[in-house]
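In what follows, chains carry the letters A, B, and so on, assigned in the order in which the sequence lines appear, proteins first and then strands, with residues in each chain numbered from 1.
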Amino acid sequence: MSDLKRGLSEAVAAAFAAAGLPAELGRVTPSDRPDLADFQCNGALAAAKTARRDPREIAAGVTATLAADPRLSAVEIAGLGFINMRVSDTALSERANEIAADPRLGASSVAAMRRILVDYAGPNVAKPMHVGHLRSSIIGEAIKRIYRFRGDMVVGDAHFGDWGYQMGLLIGAVMDENPFVKALMEQLNGRTTPITSEEEKTAFAALESRVSLDDLDRLYPEAAAKGKAEIEYRERARKLTAELQSKMPGYHLLWRHFARVTKVALERDFHALGVDFDLWKGESDVDDLIAPMVKELDDKGLLVDDQGARIIRVARQGDKRDLPPLLVVSSEGSAMYGTTDLATVLDRKTSFDPDHVLYVVDQRQADHFEVVFRAAYLAGYAAEGSLEHIGFGTMNGIDGKPFKTREGGVLKLNDMIEMTRTKARERLREADLGAELDPDTFDDTAHKVAVAALKFADLQNFRGTSYVFDLDRFSSFEGKTGPYLLYQAVRVKSLLRKAQGEGVKTGPITVADPAERDLVLLLDAFDQALTDAYEKRAPHFVAEHAFKLAQAFSRFYAACPILSAEPVLRASRLALADTTLRQLEQALDLLGIAAPERM
RNA sequence: GCGCCCUUAGCUCAACUGGAUAGAGCACCUGCCUUCUAAGCAGGCGGUUGCAGGUUCGAGUCCUGCAGGGCGCGCCA
């Protein structure tokens, strides 16, 4: 099944070919001038250049062939040689019924399924998530869903930051504060026999009541600051980190406790945001791969000694700049950020063997990934071009600088959601919406409104551009916002409930009113929005489509009475509303946004 | 210093292989709730696409230069 644009493109391409011109010129796009046409083709203008002929003359030839097409009610040449097409109401009605009957709501699938891994969010142990993680989570989740919906086999990986210097800092800080933990560490680290599972259970239970996530959140900033200021403190943390990485029993157990409490809380927060991972692989998971990998890289002759460190040079001929090498082993003998990333590429090759990996990470790390990717290609861990960095801009405050709270700190993800939720509750009450809902449903609705507000605010922008996070604006809930989209969806749901109550059924769609035409043309444009989002890894195409669809529905809703119409018309309009709702909810779902039943 | 990205309406952002009159939302102004949810709808106001050149029948889009802003550039992640 193909959309109108594609179907017409084929016809126009054939017409160009019949005129002895390249078929590619027959590409049809939605019209820039809806007052004149539904679709247009600019091919005659392009042809004129190479064929050195009058574009209007070329267009005339093509138009003559197209005139007989039953789908078109009008074909005209306009301006310098634009071919304008108006689709007949019959063809539009047919297409509407096709979409209504399609479980995919008019969306096509990829021709060949690929195995895709999406690496996003990247939360860390102890370090609280901040707004920077928000964009990666939101964009990554949307990309994952869009790829999956298009038919690829997609796996989303949180890429948990659980294996660095921050762990040494935390271990030290917790021991300093808690004599029990210090004693436990001394006891376990001194062990010569393995810890039994029974002992392990007891130790975890003891830690559970003594070291909470709040403690970690509180201790980490202090420890990080102290580590910056005091050499001795820093050295101890380094030593503890090394001891952890050499799997000293006590530290390793304590670390597992840190990782577990953090992960539990993070998964809960992510889930509340509509972000769920298939894999929750940590940096620690590839630790064992590093030593053999380094040996293998050495055997392959890729490692070079330089200033006491071991590096891989990745510069290529024709580079415009001096790309730094990948630092594989530091002069102190430890693995670096890039080492872990490289080992992760290798791990993924053996475990999932992806055709393509998308790294949804801040644009500022573009050079870092370029270096890692090149090293991976050199090592044969991934096919050239199969690793791709999906960069995004920073989220700034209204002052244009990276987003901070009033106090100057970094705003935590949780606080941001809670702030938005509070706004949502206020707005619901102000607008006297949801008054009849029970408290739990009301809260659930407020939560969905908040998530929609946050996510849509982010996803309506192209991911590459930095954008201004203005909570007041986002939570005004008017105009181009997530809540607007939910509101339109809820209006249809309410309408459908009422129709059901009156025993009114949907029927075949017949398009006549201009508002109906516009709505169907938008329903038809869903596939193009998806294709653009997929090919450019840019969810804002889907967000834009959802908004335009909601807008078109709202116009239709205002212009065309539904339940009070004559039975046949009523059934048609009800079907149109129902189809719109299903496509709108599908688009919202791809953005990771869920609509409530009422608001 | 080298490199990458950005600059579009008062504000926040779009603009599909270069195409017609550069579009939305907010703000401001005017209408519309006895009729399916007014977080809505209809209409109005608002532009030398940072500046200067170039390529082209045609440039927000491609090329060059300049100005302003952001970011990155080996032992943090």
Per-nucleotide protein contact string for nucleotides 2-8 of chain B, where B marks a base within reach and S marks sugar-phosphate only (heavy atoms under 4.0 Å, - for neither): -SS----
Annotated protein contacts, base or backbone, on nucleotides 26-33 of chain B with a non-hydrogen cut-off under 4.0 Å, one of B, S, - each: S-------
Once ring pair (Phe, Tyr, Trp, His ring centres under 6.0 Å) is applied, do any residues pair with [X], and if so which ones, sequence neighbours excluded?
| X | result |
| --- | --- |
| A:Tyr484 | A:Phe547 |
| A:Tyr165 | none |
| A:Phe39 | none |
| A:His447 | none |

Integer-rounded Å distance: B:rA22 P and A:Asp32 CG: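 It works out to 11 Å between those atoms.
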cation_pi(A:Arg463, A:Phe392) dist<6.0 Å, angle<=45: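 Ring-cation test returns no.
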Can you name the atoms? Protein N/O to nucleotides 75-77 of chain B N/O, anything below 3.5 Å, with the distance.
from, atom 1, to, atom 2, distance (Å)
B:rC75, O2, A:Ser331, N, 2.6
B:rC75, O2, A:Ser331, OG, 3.1
B:rC75, N3, A:Ser331, OG, 3.2
B:rC75, N4, A:Gln307, O, 2.8
B:rC76, OP2, A:Arg238, NH2, 3.3
B:rA77, O3', A:Glu283, OE2, 3.3

Between side-chain atoms of residues 495-506 of chain A and protein atoms elsewhere (two or more places apart, or another chain), which donor-acceptor pairs fall under 3.5 Å?
from, atom 1, to, atom 2, distance (Å)
A:Arg497, NH1, A:Glu597, O, 3.4

Is there any protein nitrogen or oxygen under 3.5 Å from a nitrogen or oxygen in nucleotides 58-61 of chain B, and what are the pairs?
from, atom 1, to, atom 2, distance (Å)
B:rG58, O6, A:Lys49, NZ, 2.6

Residue pairs passing the side chain to side chain donor-acceptor pair (under 3.5 Å) test where at least one lies in residues 539-549 of chain A, sequence neighbours excluded: A:Lys480-A:Glu544, A:His545-A:Gln583
Any A:Ser494 side-chain nitrogen or oxygen under 4.0 Å from OP1 or OP2 of B:rC36: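 It does not, given that no N or O in the side chain of A:Ser494 lies less than 4.0 Å from OP1 or OP2 of B:rC36.
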Base-paired stems in RNA chain B, each at least three Watson-Crick or G-U pairs under 3.5 Å: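 For RNA chain B the paired stretches long enough to count as stems (3 pairs minimum) are B:1-7 with B:67-73, B:10-13 with B:23-26, B:28-32 with B:40-44, B:50-54 with B:62-66.
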Using atom types as modelled, flag every donor-acceptor pair under 3.5 Å from a side chain in residues 553-565 of chain A to any protein atom, sequence neighbours excluded.
from, atom 1, to, atom 2, distance (Å)
A:Ser554, OG, A:Arg491, NH2, 2.9

